[in-house]
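Heads up: the structure comes next, in C-alpha cells.
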There are 2 protein chains.
Amino acid sequence: MAEFALIQRYFSGLSAPGQDVLLGVGDDCALLQPPAGQQLAMTMDTLIASRHFFPDIDPVSLGHKSLAVNLSDLASMGAKPAWALLSLSLPKIDHGWLQGFVRGFQTLAERFGVRLVGGDTCQGELSITMQLTGFVEPGRKMLRSSARPGDLVYVTGTLGDAALALQLLRAGKDPGELRKHLEMPQPRIVEGRMLVEAGVRTCIDLSDGLVADLGHICERSGCAARVHAQRLPLSSRVRSHVQESGDLALVVAGGDDYELCFTLPASTQSLLETLPFESTCIGEIIPGKGVELLQEDGNKLSLPQAWEHFVS
Amino acid sequence: MAEFALIQRYFSGLSAPGQDVLLGVGDDCALLQPPAGQQLAMTMDTLIASRHFFPDIDPVSLGHKSLAVNLSDLASMGAKPAWALLSLSLPKIDHGWLQGFVRGFQTLAERFGVRLVGGDTCQGELSITMQLTGFVEPGRKMLRSSARPGDLVYVTGTLGDAALALQLLRAGKDPGELRKHLEMPQPRIVEGRMLVEAGVRTCIDLSDGLVADLGHICERSGCAARVHAQRLPLSSRVRSHVQESGDLALVVAGGDDYELCFTLPASTQSLLETLPFESTCIGEIIPGKGVELLQEDGNKLSLPQAWEHFVS
C-alpha cells in the first residue's frame, strides 16, 4: 500500500486517464482502449545496477535511459509509443533520487506521448523493469527477418560514442560530452516511423553493438552481411580514438549506441533521399552466414569476439 | 544474445505465433492483434527472493506463482488472460531450475490460454517481473471504486491458509497441504469472468490481506466496510489455529490469499445463486471511512496494524 502510494505520488502526472487510457495507475489493472485497426508492439527490458549502468548514475539519466532503451525497441519496429508499465526495485526510498528519476522519465515520456499506466515498487537491489506498448499499422512493420542478399545496410547517427564514454569512465577519465551518449541515449522513434512509412521492412536497434545486432538480422534472415570499415560513421572523438589506437572494437562491438541499423533493396535506395535525417550506407547483405568486416584494401578484419560493455 | 537464446530455448513452446500473436519472442518487440471492440487490462508485478518468496522455493512453484499473482489481478477485473512478457533475473544459469520454472509457468499458462510473447533474462539477484495483458468487453469491468453503502461484501474460498503456512514455515514446522496455498495459489480467473458477466462491478484480489485490500475498495469508493468476524470463511486448519490462539490476525491481515473480494447491491444478491462456485457474504459497505471488524456480540475487534507476511 505504501509502495503503491509511492508510485502514485511520483507518477501521478503521468498516470492521468486520457483518450485511450480508461483507467491508469491505482486499480488492479490499467484499462486501455487500443485504436481500431492497429496492431500492438510490446517490449520489456530490465536494467540492473552495475550490470547495465553505474550505481551512482544521475537518477535523471537513469529515468531517461530506462525508457529510452524500450523506446529504441519500438523505434526498430516503426511503432508509435503509447503505454508504459514500470517496476522499480529500490534499496531504500530516497525522495530526491525519485524526483530525479521521474523527471528523466517524464521529460522523455512527454516528448514521445508515452503514458505511465501501471506497475509497482518494491525493496531490493536497484533495478528497473519497463514494459512498453506501441501501435503499428497493419502491414507496416520492420523485422529482423526480412533482409535479402542485395540489400544495402544503413545505420543512423554515429557508432562507438557510448562505448568510448564507458571506456573513459572505467579508466577514471572524464568523457565530457560523450557521457550523454552512454547515459542519455536518444531513441530513434521519429526516424523509425519515417523509415517504416517510406517502405523500409528490415530494422534492428543497436543495443549490443553493430556486429551482434546486424548478426541478429543475418541469423533471422538466413543471410550474411559485409561491412566496409572505412564507411562506418564516426564522431570526431571516436575517429581520433580509432586512429590513435588502431582499434575498431568499440565501434563495431561496443554496445549502447541505440542507433537504428536497417536494410533495403539497392533499387529503392533513393527513397532515403526524401527523409529529413542522415543515414550512412555501411555495407550490403550477401548470401552466407555471419557478419564480415572489410578494410579499404579489401582484406577482412578479424572481428572482436568480446568487448567489455554493459551486458544487455 | 546468449540470454535471449536462453529464453527462446526454455520458452519456445509458449512463444509460438498464433491467431493474435503475429510475432512472438525473438525480435525487438512482439506484434499482437487485439480483438476488435475489446479493451485491454494490463498489470505488472515483481517477485523478489526473500521478500516475496523463500529463496529455496521449488522452481515449479515459483514459475506458477509468478504467473498466478498477475492472473489474480486480471481475475479481479474480470479480464480474459492473453499475453505475458517475462523478465527473469537469475544469480546463475541452472538448467534444472529453469526447466522447473518453465514447467510451473507453462502448466498454468496453458490452463488459462496465456501466451509468452517476450521479455528478457539477465544476471542479478533472483527476481521475476511479469507483465500480463487480458481482454475486457467494454462496459463489463470490475473496479475498486464502484462500491456503495448498502452493498454486501463477499469473498471466494477461505482466508488465512497461505498466512498460516508462512507462519508454520517460519517456525520451522511442516505446513503440509497448506503449503500449496502459499506457493501455488489458484487465481480466480473463471470466477472473475463469471462475476463480471453476472453484473458484479466492484472487485479486488486479496494479495495484501482482507483488511488492506477491502480498505483499498473503501478508499477508492469513498465509503467504509463492516466485516462480521464469525462469518469469515475458514478452512478447518485455520479454524483450529484461530480457536487455539484466539488470534484472527492471520485471517484478516495475512497476505497471499489470492481470493476475490467483491461487493454488490443487496437487491441483486440472488444473481450469485446461479453461479457454480461458493462465495461467502462477510459484511456490508457502510458510509464512512475504513474497515471495521465486529465480534458476534457486536463489539468491535481491534484490527492488527501490521502482520508479518511477504511484502507485496
Side-chain angles (χ1 to χ4, degrees), chain A residues 1 3 22-23 26-34 36-46 48-49 51-52 72-77 79 83 85-87 89 117-120 122-125 127 129 131-134 136 138 141 143-145 203-205 208 212 215-216 220 311-312, chain B residues 1 3 22-23 26-34 36-46 48-49 51-52 72-77 79 83 85-87 89 117-120 122-125 127 129 131-134 136 138 141 143-145 203-205 208 212 215-216 220 311-312:
Chain A
M1 193 166 171
E3 299 149 16
L22 309 170
L23 187 68
D27 212 302
D28 291 297
C29 297
L31 268 180
L32 305 157
Q33 182 66 61
Q38 302 265 302
Q39 296 170 349
L40 304 177
M42 286 194 183
T43 185
M44 181 158 83
D45 272 316
T46 296
I48 299 181
R51 300 204 72 77
H52 301 100
S72 186
D73 282 323
L74 290 189
S76 73
M77 303 291 282
W83 311 312
L85 289 98
L86 167 67
S87 176
S89 166
V117 300
D120 69 350
C122 47
Q123 196 181 10
E125 69 177 358
S127 80
T129 301
Q131 190 276 333
L132 203 58
T133 300
V136 176
K141 62 189 178 216
L143 304 178
R144 298 178 175 185
S145 53
C203 189
I204 194 168
D205 71 311
D208 296 335
H216 289 311
R220 302 270 297 183
V311 181
S312 61
Chain B
M1 192 165 174
E3 298 149 17
L22 309 169
L23 187 67
D27 211 302
D28 291 297
C29 297
L31 269 179
L32 305 157
Q33 181 66 62
Q38 303 265 302
Q39 295 170 349
L40 304 177
M42 286 194 182
T43 185
M44 182 157 83
D45 272 317
T46 295
I48 300 182
R51 300 205 72 77
H52 301 98
S72 186
D73 283 324
L74 290 190
S76 74
M77 303 291 281
W83 311 312
L85 290 98
L86 167 67
S87 175
S89 166
V117 300
D120 69 349
C122 47
Q123 196 180 10
E125 68 176 358
S127 80
T129 300
Q131 190 275 334
L132 203 58
T133 300
V136 176
K141 64 190 177 213
L143 304 178
R144 298 178 176 186
S145 55
C203 189
I204 194 168
D205 72 310
D208 295 336
H216 290 311
R220 302 271 294 182
V311 181
S312 60

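Order of the sequence lines fixes the chain letters, A, B, ..., with proteins taken first and strands second; residue numbering starts at 1 for each chain. For the numbers below, each heavy atom of this structure counts, side chains included, while hydrogens, waters and symmetry mates do not.
In terms of modelled atom types and a separation under 3.5 Å, the side chain of A:R51 and the main chain of B:G124 share no donor-acceptor contact.
In this structure, chain A has no heavy atom under 4.5 Å from any part of B:A36. A:S127 does not touch chain B: none of its heavy atoms, backbone or side chain, sits under 4.5 Å away. Contacts between A:A41 and chain B at a heavy-atom distance below 4.5 Å involve backbone atoms as well as side-chain atoms. Looking at A:I48, only its side chain comes within 4.5 Å of chain B, counting heavy atoms on both sides. Heavy-atom distances place no part of A:L132 under 4.5 Å from chain B, backbone and side chain included. Looking at A:S72, there are no atoms closer than 4.5 Å to chain B (heavy atoms on both sides), in backbone or side chain.
Here the side chains of A:S87 and B:D45 are not in contact, with every heavy-atom distance at 4.5 Å or above. Counting only heavy atoms from C-beta outward, the side chains of B:Q39 and A:L32 never approach each other to under 4.5 Å. Using a 4.5 Å heavy-atom cutoff, the side chains of A:M42 and B:M42 are in contact. Taking 4.5 Å as the limit, every side-chain heavy atom of A:H216 sits out of range of all side-chain heavy atoms of B:D27.
In this structure, CD in B:Q131 is found 12.5 Å from CG in A:L86, a value given to the nearest 0.5 Å.
Partner of A:C29 under the side chain to side chain contact (heavy atoms under 4.5 Å, CB included) criterion, out of B:L40, B:V136, B:L143, B:D73: B:D73 alone.
Top candidate by heavy-atom pairs under 4.5 Å with chain B, chosen from A:Q38, A:E125, A:K141, A:Q33, is A:E125.
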From CA spacing to verdict: side-chain contact (heavy atoms from CB on, under 4.5 Å), A:D28, B:T43: CA-CA 7 Å; A:D28 291 297; B:T43 185; over 6 Å; no
Test log, rule side-chain contact (heavy atoms from CB on, under 4.5 Å), inputs A:M44 and B:D120: CA-CA 7 Å; A:M44 181 158 83; B:D120 69 349; 5.5 Å; no
